[in-house]
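This report concerns only the one structure given below.
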Amino acid sequence: MTQNRFLLRVLAFMAVLALLVFCVWKAVTWTRDDLCRRPEATTLVLGNSRVQYGFDDSLIPGTWNSAVNADNYNVIYWRLKMLHLRNPQLQRVMVIFDQTQIYNYFKNIPDKVHPYYWDVMTLEDWCGLVAHDSGILLNPLHYLKILYPLKSLVSPISYQDLGIGGYTRLERDKLSEDKALNETDTSRNAAFQIHAYNVSYLHKIYDYCQKHQLELIFFNMPSYPTQSVIEGNTYLHLFVEEKYPDVPFLDYELMQMPDSCYGDAAHLNYRGAKIISEKIAEDLGDYTR
């Protein structure tokens, strides 16, 4: 009898907790539809910090930069689903295809558990986080971003303030420091190992675009051309040609840029963002003719 009473109390507590979480989530997402609609956008741009700092969507009409620092492909996939649901006018999706994505998985990044994604995440998604990135679920500081959506209930807030993407002007000029560190850069040879879990979500992105008749384009941003960058770029092309021969790949990684355009070896600053964004605009114009 005592055991049954304890079990009932546990179930009651879990039910109350679930109801509380649901109510908080509903409050947090109350303004989501308005904040996540951009009716003038026909091209959604998704990626990591290299896109966040390097792709100035104000220079390319109809584009929407929704990239954020250290996005893995799972987060990119969830954001794609979340935004496409609220922007059915989207026709094209541009997704970063670079070495940090294909050969790497960023751990413990707060945006992975943003409440705006919860209702597009499946049990498989949550299990994947537990298996590959359990630290993200154990750190309560990651959930403080709930405060920003809640703020939108009482005062104006921008899409970028939510922590789920947007072009950010980078003033940094640290390339010289990175170049000094890279003077000893040598061939990485067999270090180019595909990160299977991360890339599995690239496949999901591809399938989603196919299913919803969204034109998919892969693209890469300029990097300072060290030996390892050059070698890794070769492997990128082999991978995309083997797995996604039907997806256009706009690769700007080895594009020559003045040193003044780099915030560091991997990121463009605002000067570089202007140059590459204008180049992308030109290429997209040629591509659609």
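Nothing fancy with the numbering, it's 1 onward along the sequence. Since the model is a prediction, treat every value here as computed from it, not as a measurement.
For the atom pair Ile276 CD1 and Leu268 CG, the distance stands at 7.0 Å (nearest 0.5 Å). Separation of atoms OG1 (Thr31) and CG (Leu150) is listed at 9.0 Å; rounding is to 0.5 Å. Here SG of Cys209 is found 7.5 Å from CD1 of Ile205. Values are rounded to the nearest 0.5 Å. Residue Leu44 holds its CG atom at 12.0 Å from CZ of Arg92, rounded to the nearest 0.5 Å. Rounding to the nearest 0.5 Å gives a distance of 13.0 Å between OG of Ser277 and CD of Glu282. To the nearest 0.5 Å, the span separating CG on Leu83 from CG on Leu46 amounts to 7.0 Å.
A heavy-atom distance below 4.5 Å is found between the side chains of Leu250 and Leu284. The shortest side-chain heavy-atom distance between Tyr117 and Val75 falls under the 4.5 Å cut-off. A heavy-atom distance below 4.5 Å is found between the side chains of Trp126 and Trp118. Taking 4.5 Å as the limit, some side-chain heavy atom of Tyr73 sits within range of a side-chain heavy atom of Val95. Using a 4.5 Å cut-off on side-chain heavy atoms (C-beta onward), Met255 and Ile275 make contact. Between Pro149 and Thr29, every side-chain heavy-atom pair lies at or beyond the 4.5 Å cut-off. His84 places none of its side-chain heavy atoms less than 4.5 Å from the side chain of Val93. Taking the side chain as every heavy atom from C-beta outward, Asn69 and Phe106 never approach each other to under 4.5 Å.
Cluster annotation: Val68 is not connected to Tyr201 through the hydrophobic network of ILVMFWY side chains, with a link wherever side-chain heavy atoms come within less than 4.5 Å. Hydrophobic clustering (ILVMFWY, side-chain heavy atoms < 4.5 Å, transitive): Phe22 and Met82 are in one cluster. The cluster map of Ile, Leu, Val, Met, Phe, Trp and Tyr, joined by side-chain heavy atoms under 4.5 Å apart, puts Ile194 and Leu238 in different clusters. One hydrophobic cluster holds both Leu137 and Leu20 under the rule that ILVMFWY side chains link at heavy-atom gaps under 4.5 Å. Both Tyr77 and Tyr116 belong to a single network of hydrophobic side chains, linked directly or stepwise wherever heavy atoms of I, L, V, M, F, W or Y lie under 4.5 Å apart.
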Between Leu254 and Asn233, does a side chain to side chain contact (heavy atoms under 4.5 Å, CB included) hold up when you go through it step by step? CA-CA 8 Å; Leu254 303 182; Asn233 185 267; 3.9 Å; yes

Check the pair Phe249 / Phe218 against ring pair (Phe, Tyr, Trp, His ring centres under 6.0 Å), numbers first and verdict last. CA-CA 5 Å; Phe249 182 24; Phe218 293 151; 7.0 Å; no

What do the steps show when you test Ile102 against Leu202 for side chain to side chain contact (heavy atoms under 4.5 Å, CB included), and what is the final call? CA-CA 9 Å; Ile102 301 300; Leu202 181 62; 4.1 Å; yes

Apply ring pair (Phe, Tyr, Trp, His ring centres under 6.0 Å) to the pair Tyr244 and His203, showing each step before the final yes or no. CA-CA 9 Å; Tyr244 303 101; His203 299 326; 5.5 Å; yes

Give the C-alpha distance, both sets of side-chain angles, the deciding distance and a yes or no for side-chain hydrogen bond (donor to acceptor under 3.5 Å, both in side chains) between Asp133 and Asn72. CA-CA 12 Å; Asp133 198 3; Asn72 293 312; 5.4 Å; no

Walk me through whether Val24 and Val28 qualify under side chain to side chain contact (heavy atoms under 4.5 Å, CB included). CA-CA 6 Å; Val24 171; Val28 165; 4.1 Å; yes

So Val113 and Leu129, side chain to side chain contact (heavy atoms under 4.5 Å, CB included) or not? Walk me through it. CA-CA 9 Å; Val113 290; Leu129 286 181; 4.3 Å; yes

Could you walk me through whether Ser223 and Glu253 pass the side-chain hydrogen bond (donor to acceptor under 3.5 Å, both in side chains) test, one step at a time? CA-CA 5 Å; Ser223 298; Glu253 183 161 42; 3.3 Å; yes

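For Glu171, the side chain to side chain contact (heavy atoms under 4.5 Å, CB included) partners at least two apart in sequence or on another chain are Arg169, Tyr270. With sequence neighbours excluded, no residue satisfies side chain to side chain contact (heavy atoms under 4.5 Å, CB included) with Leu85. Remark: Glu124 engages Thr122, Lys204 in a side chain to side chain contact (heavy atoms under 4.5 Å, CB included) (not counting sequence neighbours).
The closest donor-acceptor contact from the side chain of Asn87 to the backbone of Cys36 lies under 3.5 Å. Although no hydrogens or angles enter the test, the distance criterion places no donor-acceptor pair under 3.5 Å between the side chain of His114 and the main chain of Arg79. Using modelled atom types, one side-chain atom of Tyr159 and one backbone atom of Ile164 make a donor-acceptor pair closer than 3.5 Å. A distance-only check finds no donor-acceptor pair linking the side chain of Glu231 to the backbone of Val229 [under 3.5 Å]. Counting only distance, with no hydrogens or angles, the side chain of Gln101 and the backbone of Asp71 share a donor-acceptor pair below 3.5 Å. Remark: the backbone N or O of Asp57 is not paired with any side-chain donor or acceptor of Trp64 at under 3.5 angstrom. Here the side chain of Asp56 pairs no donor or acceptor atom with the backbone of Tyr167 at under 3.5 angstrom. Formation of a donor-acceptor pair under 3.5 Å by the Gln210 side chain with backbone atoms of Leu216 is not found in this model. No side-chain donor-acceptor contact under 3.5 Å links Asp259 to the backbone of Tyr262.
Tyr53 shares a hydrophobic cluster with Leu170; the chain of contacts runs through ILVMFWY side chains whose heavy atoms sit under 4.5 Å apart.
Ring orientation note: the planes of His212 and Tyr208 are tilted relative to one another, at an angle of 30° to 60°.
The two residues Ile76 and Gly47 come nearest to each other via the heavy atoms CD1-CA, 3.9 Å. For Pro115 against Ile146, the heavy-atom pair with the smallest separation is CG-CG1, 3.9 Å. Considering every non-hydrogen atom in both Asn198 and Asn74, the closest pair reads OD1-N, 4.2 Å. Across every non-hydrogen atom of Ala281 and Ile60, the tightest pair is CB-CG1, 3.8 Å. Between Thr100 and Asp98, the shortest heavy-atom distance links the atoms OG1-OD1, 2.9 Å. Nearest heavy atoms, Asp33 versus Arg86: OD1-NE, 2.7 Å.
The residues Lys151 and Asp161 are annotated as not salt-bridged, no charged nitrogen and carboxylate oxygen being separated by less than 4.0 angstrom.
Trp30 CH2: 12 or fewer foreign heavy atoms inside a 6.0 Å radius.
Residue pairs meeting the salt bridge (charged side-chain N to carboxylate O under 4.0 Å, His left out) criterion with at least one member in residues 261-280, sequence neighbours excluded, are Arg172-Asp264, Asp173-Arg271, Lys274-Glu278, Lys279-Asp283. Within the structure, every pair that satisfies the salt bridge (charged side-chain N to carboxylate O under 4.0 Å, His left out) test and touches residues 12-32, not counting sequence neighbours, is listed here: Arg32-Asp119.
Side-chain contact annotation: Asp251 with Asn220, donor-acceptor N/O pair under 3.5 Å present.
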